[in-house]
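Okay, structure first, notes after.
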2 protein chains.
Amino acid sequence: MKLKTKGRYAVMAMADLAIFKDEGPISLTDISLRQNISLAYLEQIFIKLKQENLVKSVRGAKGGYVLESPPEEIKISHIISAVDEEIKTLNCKKESKRGCNNKSSKCITHNLWDQLDQHINSFFEKIKLQDLVKKNQMIDK
Amino acid sequence: MKLKTKGRYAVMAMADLAIFKDEGPISLTDISLRQNISLAYLEQIFIKLKQENLVKSVRGAKGGYVLESPPEEIKISHIISAVDEEIKTLNCKKESKRGCNNKSSKCITHNLWDQLDQHINSFFEKIKLQDLVKKNQMIDK
DNA sequence: TTTAATTCATACTGAAACAGTAGGATTTCT
DNA sequence: AGAAATCCTACTGTTTCAGTATGAATTAAA
């Protein structure tokens, strides 16, 4: 059970934007260097973040990205879902022949995984971007 | 972010054992049919469950597996960790060149993922095998 | 004592997903 | 004009997943 890099990188990049939010548009090159993430990969991630109105872009030289909302209003859950990081620990789809055959009756553990999903999602719902930044600043001192 | 089948199947199979715990050793063939899981795959899973003393085996004809402890004492977390289903949403190993370079300083989001792991683990810690079986019986009625 | 049912052990494999790379087009500041 | 940036989309090597396959060892029952 692992988080995919897209979700992780997205949160890292958004936290970076939050930290430098008063310095105008931040270029992906900067984030790439600071967070040690491939530039081209970041580009893909930011297209999705933009589609979800989490950031807005400024094109051309001296351009970059800016947060759409203040960090205390941005939920981690929103960032992660924006980049297609699904929190679906169980996929009981029609195709799946094995394990859970949800046609007849739910598998014994069906409720368990549903609850797990809720548990994880509620974790991400409670945490805002600002919470990460605060922590980071405290560590710096 | 998905659970792997091994973890899911292990919990399903253990729940099956719990339900039929008074009928002597349960063969993997039975579990395979009831839970719709490949027999050969179940064999691999049960070798690990046995190593962790979650079940004991009875070899030969009329053999099978039996729970080592009563279902109310078996934590879901134990089952899942037994089959190598790691709850490590972030792997900050030395090999990883990208993202988190924990040589110099922890990445901004390091604490977040640590907390997430704890959150998920505590979920599995609280739930016992018996809890699944009870639910299942209620649904049956 | 043979047969069938079972666990035990390990090697192999097709398919899918992941984590990027690559290449170019477009926009805008200087 | 040129450089710095976003934008867009296709491609790809590697790894992991989810099993299969095969055979050996063990034991109950006929």
Side-chain angles (χ1 to χ4, degrees), chain A residues 1-10 12-13 17 23-33 35-51 54-66 83-86 88-91 93 95-100, chain B residues 1-10 12-13 17 23-33 35-52 54-66 68 83-86 88-91 93 95-100:
Chain A
M1 191 170 186
K2 251 183 226 161
L3 216 60
K4 293 165 205 158
T5 54
K6 258 187 188 160
R8 276 171 42 211
Y9 290 173
M12 290 171 73
L17 279 190
E23 308 194 2
I26 306 294
S27 75
L28 294 189
T29 307
D30 287 352
I31 299 178
S32 167
L33 292 172
Q35 305 299 332
N36 193 29
I37 302 169
S38 138
L39 173 60
Y41 204 30
L42 273 177
E43 288 174 350
Q44 294 175 38
I45 290 168
F46 270 80
I47 284 172
K48 297 190 173 184
L49 293 175
K50 193 185 168 189
Q51 284 168 354
L54 283 162
V55 295
K56 59 187 161 198
S57 66
V58 180
R59 298 192 68 170
K62 292 279 170 183
Y65 287 93
V66 182
V83 294
D84 283 343
E85 175 85 56
E86 261 203 314
K88 274 272 173 201
T89 53
L90 172 58
N91 267 349
K93 288 177 184 163
E95 312 111 42
S96 82
K97 303 242 163 71
R98 281 269 122 102
C100 179
Chain B
M1 191 169 187
K2 251 182 225 161
L3 217 59
K4 293 167 205 157
T5 54
K6 258 188 189 160
R8 276 171 41 209
Y9 290 173
M12 289 171 75
L17 280 190
E23 308 194 2
I26 305 294
S27 75
L28 294 189
T29 306
D30 286 353
I31 299 178
S32 166
L33 292 173
Q35 304 300 331
N36 193 29
I37 301 170
S38 138
L39 173 60
Y41 205 30
L42 273 177
E43 289 174 349
Q44 295 175 38
I45 290 168
F46 270 80
I47 285 172
K48 298 191 172 185
L49 293 175
K50 194 186 169 188
Q51 284 167 354
E52 280 293 316
L54 283 163
V55 295
K56 59 188 162 196
S57 65
V58 179
R59 299 191 67 170
K62 291 279 169 184
Y65 287 93
V66 182
E68 273 272 21
V83 294
D84 283 341
E85 174 86 54
E86 262 203 315
K88 276 269 173 204
T89 53
L90 172 58
N91 268 349
K93 288 178 187 165
E95 312 111 43
S96 82
K97 302 241 164 72
R98 282 269 125 100
C100 179

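Labels below follow one simple rule: chain letters A, B, ... track the order of the sequence lines, proteins then strands, and each chain is numbered from 1.
Scanning both residues, A/Val58 and A/Pro25, for their nearest heavy atoms gives CG2-CG, 3.8 Å.
If you check distances only, the side chain of A/Glu43 never reaches the base of C/dT21 with a donor-acceptor pair under 3.5 Å. Checked by distance alone, A/Arg59 brings no side-chain donor or acceptor within 3.5 Å of a matching partner on the base of C/dT27.
The distance between atom OH of A/Tyr41 and atom C1' of D/dT6, rounded to the nearest whole Å, is 19 Å. Straight-line distance from the CD1 atom of A/Ile45 to the P atom of C/dT21: 12 Å, rounded to whole Å. Straight-line distance from the CE atom of B/Met1 to the P atom of C/dA17: 18 Å, rounded to whole Å. Between B/Gln44 atom CD and D/dT20 atom P the separation is 10 Å, expressed in whole Å. Atom OH in A/Tyr9 sits about 14 Å away from atom P in C/dC18, given to the nearest Å. Distance CZ (B/Phe46) to C1' (C/dC8): 14 Å, rounded to an integer number of Å. When the C1' atom of D/dA18 is taken as reference, atom NZ of B/Lys4 falls 12 Å away, rounded to whole Å. Note: CG (A/Asp30) to C1' (D/dA5) measures 11 Å, nearest angstrom.
Sequence order on DNA chain C of the closest nucleotides to A/Ala40 and B/Tyr65 puts B/Tyr65 first from the 5' end.
With C/dG20, D/dA28, C/dC29 as the candidates, the nucleotide lying closest to the side chain of B/Ala61 is D/dA28. Minimum atom distance to the side chain of B/Ile47 is reached by C/dC8, of the listed C/dC8, C/dT6, D/dA3.
Contact between the side-chain N/O atoms of A/Thr5 and the OP1/OP2 oxygens of C/dA19 is found at a separation under 4.0 Å. Neither OP1 nor OP2 of D/dT6 sits under 4.0 Å from any side-chain N or O of A/Ser27. For B/Ser57, a side-chain nitrogen or oxygen approaches OP1 or OP2 of C/dC8 to under 4.0 Å.
Using a 4.5 Å heavy-atom cutoff, the side chains of B/Val55 and B/Lys50 are in contact. Under the 4.5 Å side-chain criterion, counting only non-hydrogen atoms from C-beta, A/Tyr65 is not in contact with A/Leu42. The side-chain heavy atoms of B/Val66 and B/Leu17, taken from C-beta on, include no pair separated by under 4.5 Å.
Backbone-only engagement by A/Lys50 is indicated by non-hydrogen atom pairs under 4.0 Å involving sugar-phosphate atoms exclusively.
Checked by atom type and distance alone, the side chain of A/Ser32 pairs as donor or acceptor with a backbone atom of A/Ile37 at under 3.5 Å.
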